[in-house]
Amino acid sequence: MKAYQMLINNRWVEAAGGRRYEVTNPATGEVLGTVPDAGVEDARAAIDAAYEAFPVWSRMPALERSRAMRRLYQLIMDRVDDLARLLTQEQGKPLREARAEVINGAEFVNWYAEETRRIYGEWIPGNSEKHRIWVIRQPVGVVAAITPWNFPSSMITRKIAPALAAGCTVVVKPAPETPLSALALAELVLEAELPPGVVNIITTTDAPAIGQEFLTNRKVAKLSFTGSTEVGKLLVAGSAQQLKRVSLELGGHAPFIIFDDADLDLAVRHAVGSKFRNAGQTCICANRVFVQESVAEAFIEKFLAAVKALKVGNGLDAGTDIGPLINEEAYEKVESHVADARSRGAAVLCGGHRLTESPYDRGVFYAPTVLAQVTDDMKIMQEETFGPVAPILTFRTEEEVIARANDTTYGLAAYIFTRSLSRSVRVGEALQYGMVGVNESLLSNPQAPFGGVKESGLGREGGHHGLEPFLEYKYMNVMLE
Ligand code: ADP
């Protein structure tokens, strides 16, 4: 069993308090290793290191920053298999999904390695013959990043890539459940020879205390958070004191809408992928499947057959489609949604229970579940389930489904399946969501602005848009002699 250390100022260190905690495999309960359990003192040391490194990194010519980032990209790509394996072990998702995650995350580093060379300024006419107005863009400073367990690798690269490109330095606090992927990236940061303090990674079980330090330490300029809407709101409240810059990627409640003119086989394939990827533990996964009445029966038949064919198991086993849920708490939430739906009249077409026989008894495995006769008053229609449960609803008209899809406090991702271009445009524009997949369910692209409206977040990650939150404008009004 390996005892990992955390990375501060390009040095492997223990927590100042000497504490450690165990990381377990959610598929088997096996202890994978131990990591330092950092306290506030360690967060301060990491912030100090990032603060000292800021002048070095931010003033480095963009071309050199770009090269350093590309070295990091290349190292991640060279180690994809090892990183994916570790990710599956600590998080549970099938190996092929873990691989796809690592590669997608690496592509953010690659893309922003280029984008760092395109941080342009402006030259604006001044008010006299002698005046010149320049607008330059400068990095905000030290960025504190807090990331979740559902994408232990790409949630980190998605934050550090634009931050580093902008010229910021970073302190990352990964989720306590999945620190090993973070520390594996830390190893590559060292190998890529990023200057000391540019990326620091601290592992901890005490997120509230570290979060508080991030909010109150004046050396931290910005907080970038991905996680629950509940914690996101706490951080926004806490940021008021120092008007700390905050970017948030929060929960979602994605509608997945299938119109009567859709390619049903395509819709089924994407509905299964969107709903059951990562055992339904993604913020953009289909949470409400709306099918137009006239094709409902045909869709349900095909969908059900596809869901019944999914293989649940250890993510490391070839052929596994769905791994375990992250922990007991996750199971309780899923179970409470299914029980509530059942008690209000939903029909369970498949699944609807935990898998308890061997080898499932060592982890938290839930049978892929399809619910029909779902009504809008059910808990599953209001809250994010974060599990492998697909509630199916039917609708008659475009106007009706738009209204029902928008009837939520969330606004992250929505999906529509139709062969009509006009309908795609009409419905796509009317949906109150930050992202709309049209005949497509994969939305994480380095070149596109990922993010939500309403209570799903603030700001975007990806694209040239994703650089904005890490930059400030400065305008200089210059009078010549
Ligand atoms: P989830 O319920 O999916 O674990 P959370 O929002 O609780 O989502 O967790 C996302 C990240 O936020 C994790 O890194 C977690 O440790 C961290 N976190 C949880 N509570 C707080 C808090 N009060 N302050 C700062 N970070 C927190």
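None of the values given here were measured: they were computed from a predicted structure. Counting convention: from 1, in listed order, for ligands and their atoms alike. Index from 1, following the sequence.
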Is the cationic atom of [X] (NZ for Lys, CZ for Arg) positioned less than 6.0 Å from the six-membered ring centroid of [Y] and within 45 degrees of its normal?
X: Arg288; Y: Phe256; answer: no
X: Lys93; Y: Phe151; answer: yes
X: Arg354; Y: Tyr331; answer: yes

Report yes if the side chains of Lys222 and Ser247 come closer than 4.5 Å at any heavy-atom pair, otherwise no.
yes
Exercise answer: donor-acceptor pairs, residues 383-391 side-chain atoms, under 3.5 Å, sequence neighbours excluded:
unit_1	atom_1	unit_2	atom_2	d
Glu383	OE1	His337	NE2	3.1
Glu384	OE2	Gly252	N	3.3
Thr385	OG1	His337	ND1	3.0

Do Tyr433 and Tyr410 have ring centres separated by under 6.0 Å?
no
Pairwise, report which nitrogen or oxygen atoms of ligand 1 are under 3.5 angstrom from protein nitrogen or oxygen atoms, and how far apart they are.
unit_1	atom_1	unit_2	atom_2	d
ligand 1	3 (O)	Trp149	NE1	3.4
ligand 1	4 (O)	Trp149	NE1	3.1
ligand 1	6 (O)	Ser228	N	2.8
ligand 1	6 (O)	Ser228	OG	2.6
ligand 1	14 (O)	Thr147	O	2.7
ligand 1	14 (O)	Lys173	NZ	3.1
ligand 1	16 (O)	Lys173	NZ	3.0

